[in-house]
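Have a look at the structure below, then the notes.
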Amino acid sequence: MLDLKLIREHTDLVREGVRKKGEDPASVDEVLRLDEHRRALIQETEGLKSRKNTVSQTVARMKSKGEDAQAVIDEMRSVADRIKVLDEELKSEEGRLRSVLLAIPNIPHESVPAGKSPADNQVIASWGEPPVIDFPPKPHWELLEKLRIIDFPRGTKVTGAGFPFFVGKGARLERALINFFLDEAAANGYMELIPPLLVNEASAMGTGQLPDKEDQMYSVDRDRLFLIPTAEVPVTNFYRDEILPENLLPVNFCAFTPCFRREAGSYGKDVRGLNRVHQFDKVELVKLVRPEHSYEELETLRRDAEQPLQKLGLYYHVLLMCSADLGFTPAKKYDIEVWSLGQQKWLEVSSVSNFEAFQARRMNIRYRPGGGKPEVVHTLNGSALALPRIMAAVLEQYQTPEGKVIVPKVLHPYTGFEVIG
RNA sequence: GGAGAGGUGGCCGAGUGGUUGAAGGCGCCGGUCUCGAAAACCGGUAUACCGCUUGCGGUAUCCAGGGUUCGAAUCCCUGCCUCUCCGCCA
């Protein structure tokens, strides 16, 4: 959610930002119109309330003196009715304003390149070399089936498509990756959280899954809860509706969770094997920072997400997302993509974003700069990392001609074995 | 799941229809005193919105949402949460 004052005072800037994201800036003007009406209502209703309060005190004084206050009371009855009507109108007007405001995307940071499609994203960094092997590489779904380390058919039987079982060394490798990523994060100063996997509506609203993206989440209707699509949701909401002491910042959290995504509407494309599943493991990094530091923190976060990839020896590159491919909430975003040798294509394994105050304003997370007036913090997050595609890349890159897989060295202490197969 | 108790400011805690944004205490900030500190004393100490704008005025907020009333922290209804007992359970 954007700052209403920003929209009021820098309307053109906001319009331009919305346009860059490829959305219609008409809603910006709608906000201004609704806000003006809202303020007129506030002035009218508060004037009446002020009078009501004064008169109520007069009534109290008259009664204590034993005077008859009936005439005044009769008069106030109609004022009270009028207040009620106005309050209802104000409330619905504020609801309308809020919903329009919630539908306006965050505006891109000045360093974000303008663009019209994903083709305008810029590759700004890469690490490693394209792996070369002297035999035809198998895609990971062939490897994992032959090695019997991930079982899709039985997952489908037990739950449905996209809910695989990890089996034996597959399970162990998954757990090794989780622990490796968590240990890396801890070494970089992130405090580990194990959050709830179900969240309520307010939390889903806070990080922006609601109201728009409800159909991407599994819901437990009976209790009005949602299975988390990412640890970002519970972790970022940790401090919702709080004013943090200044010395708490920056807050650095890491969390491992399973993530649940319905992936409605994405069938038939890039869904083979581990490319896209409904339940997957992820280690997430979240930062709450002072506004003036959020862009340095974004670079730190990116570094912290990249580091484990380097230690795993995976070839990857970093994309700076252009304005059109930025998504609704971020002001700036990097995607990290790892090379899939078996599929000969890039797989997104991390998104690193600065949301500035956009999320924090919705969530009402503030701090006191210099002990003064509360100010909204900036929030950032990044995956470090999404497990299935890492698993896919590792299996493919470290495969042998015989169809075995060599476990990367950094994982040996975690797996307790060095070869699968 | 059943029965009961309760949710008041950063914290503790008073307040059961009328200047109560809310006594008192603690904490915190400033001052007096002191060589300095402690103690003591004095003063200050919420958030959001609206309006005029160095500052001031108004409105709202005593878990949340409704209701009764001229007037609600206080009365009524619903929800959420916490605690105690019983049941169930990893």
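Note that these values count all heavy atoms, side chains included, but never hydrogens, waters or copies made by symmetry. Quick note on labels: first sequence line is chain A, next is B, and so on, each numbered from 1.
Along RNA chain B, the nucleotide nearest to A:I42 and the one nearest to A:T45 differ in position, and the one closer to the 5' end is contacted by A:I42.
Separating the C1' atom of B:U53 from that of B:G43 is a span of 27 Å, rounded to the nearest Å. Comparing the C1' positions of B:A39 and B:G7 gives an interatomic distance of 37 Å, to the nearest angstrom. Remark: the separation of the C1' atoms in B:C76 and B:U82 is 23 Å, to the nearest Å.
A:R240 places its CZ atom 13 Å from the C1' atom of B:C80, with the value rounded to the nearest Å. Taking atom CZ on A:R38 and atom C1' on B:A48, their separation rounds to 11 Å, with Å as the unit. Between A:E46 atom CD and B:G57 atom C1' the separation is 11 Å, expressed in whole Å.
Of the candidates B:C70, B:C50, B:A60, the closest approach to any side-chain atom of A:K49 belongs to B:A60. Proximity note for A:K52 (side chain, C-beta onward) versus B:A48, B:A60, B:C50: the nearest is B:A60.
In the region residues 78-95 of chain A, proximity to RNA chain B at under 4.0 angstrom, judged on heavy atoms, holds for A:A80, A:K84, A:K91.
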Dump the pairs, protein N or O against N or O of nucleotides 18-21 of chain B, anything under 3.5 Å, distances to one decimal.
unit_1	atom_1	unit_2	atom_2	d
B:G18	O6	A:K63	NZ	3.3
B:G18	N2	A:S56	O	3.3

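Comment: A:R302 engages A:E299 in a salt bridge, judged by a side-chain N to carboxylate O separation of less than 4.0 angstrom.
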